[in-house]
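All of these numbers come straight from a predicted model, not from anything done at the bench.
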Amino acid sequence: MFDFAWSEIVLIGAVALIAIGPKDMPVAIRTVSTFIKKARRMASEFQTHVDEMMREADLADVKKTFNEIRNFDLPGTLEKHIDPDRSLRNTFDSDPFKPTYPTPTPTSAEVSTLDEVAVAEPPVPEPEPVTAAEPAKPEAPAPSAPAWVPPNMIPPPVTTQQAAVEPPAFIPPEAVLQRQQKA
């Protein structure tokens, strides 16, 4: 009732034995036990009176209302108000890749025509006529930089000979030298 552990009860008993004395200890224990009995009796009477008041005030309806709130099905109620004819539910339950329209079955004449089309070879493109090689045109100069770029920041134009000789920066020089020796 008061949530005492056995060690606490033993400690209280030892202090009471020292404070009250062994001579008056049985009388003190009887007094405490009668006080505890009266407290329990008063608590049970209070509980029965509260139960009677609930019955008289018809608070069973309140208890029923609380139980209804506790058992309220929010998803079901929302679905009932949002989708009363269950068309949305049926849309998501069905297979979206299944065609909803009837697919026509081809007749035997159509099947033979389809087979002929599938077996037919694709058309071969005609070769282009060969013409004499045209002389190489000189490359147009690279477009100049915008006016807002300072002239000293513009890199010099790279010729095709320099581009062929100079490798990109990420190739190691040893590999370039090996390639040049093989060529």
> Considering only heavy atoms from C-beta outward, does the side chain of I29 approach that of T31 to under 4.5 Å?
Replying inline: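 Not touching, per the 4.5 Å side-chain cut-off.
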
> Within a strict 4.5 Å, meaning less than it, do heavy atoms of the R30 and P26 side chains meet?
Replying inline: yes

> Where do S44 and R41 come nearest, in terms of heavy atoms and distance?
Replying inline: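 Answer, listing the atom of S44 first, then R41: OG-O, 2.9 Å.
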
> Where do I20 and D24 come nearest, in terms of heavy atoms and distance?
Replying inline: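 That closest heavy-atom pairing would be CG2-CB, 3.7 Å.
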
>> Is there a path of hydrophobic side-chain contacts, each under 4.5 Å between heavy atoms, that joins M25 and V15?
In response: no

> Are L17 and L11 connected, step by step, through hydrophobic side chains (Ile, Leu, Val, Met, Phe, Trp, Tyr) whose heavy atoms are closer than 4.5 Å?
Replying inline: no

> Could you give the distance from CG (N90) to CG (D85), rounded to the nearest 0.5 Å?
Replying inline: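 If I round to the nearest 0.5 Å, the distance is 8.5 Å.
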
> Hey, does the side chain of Q181 reach the backbone of Q178 with a donor-acceptor pair shorter than 3.5 angstrom?
Replying inline: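 Answer holds: no.
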
> Does any pair with a residue in residues 66-80 pass salt bridge (charged side-chain N to carboxylate O under 4.0 Å, His left out), and if so which ones, sequence neighbours excluded?
Replying inline: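 Qualifying pairs: E79-R86, E79-R89.
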
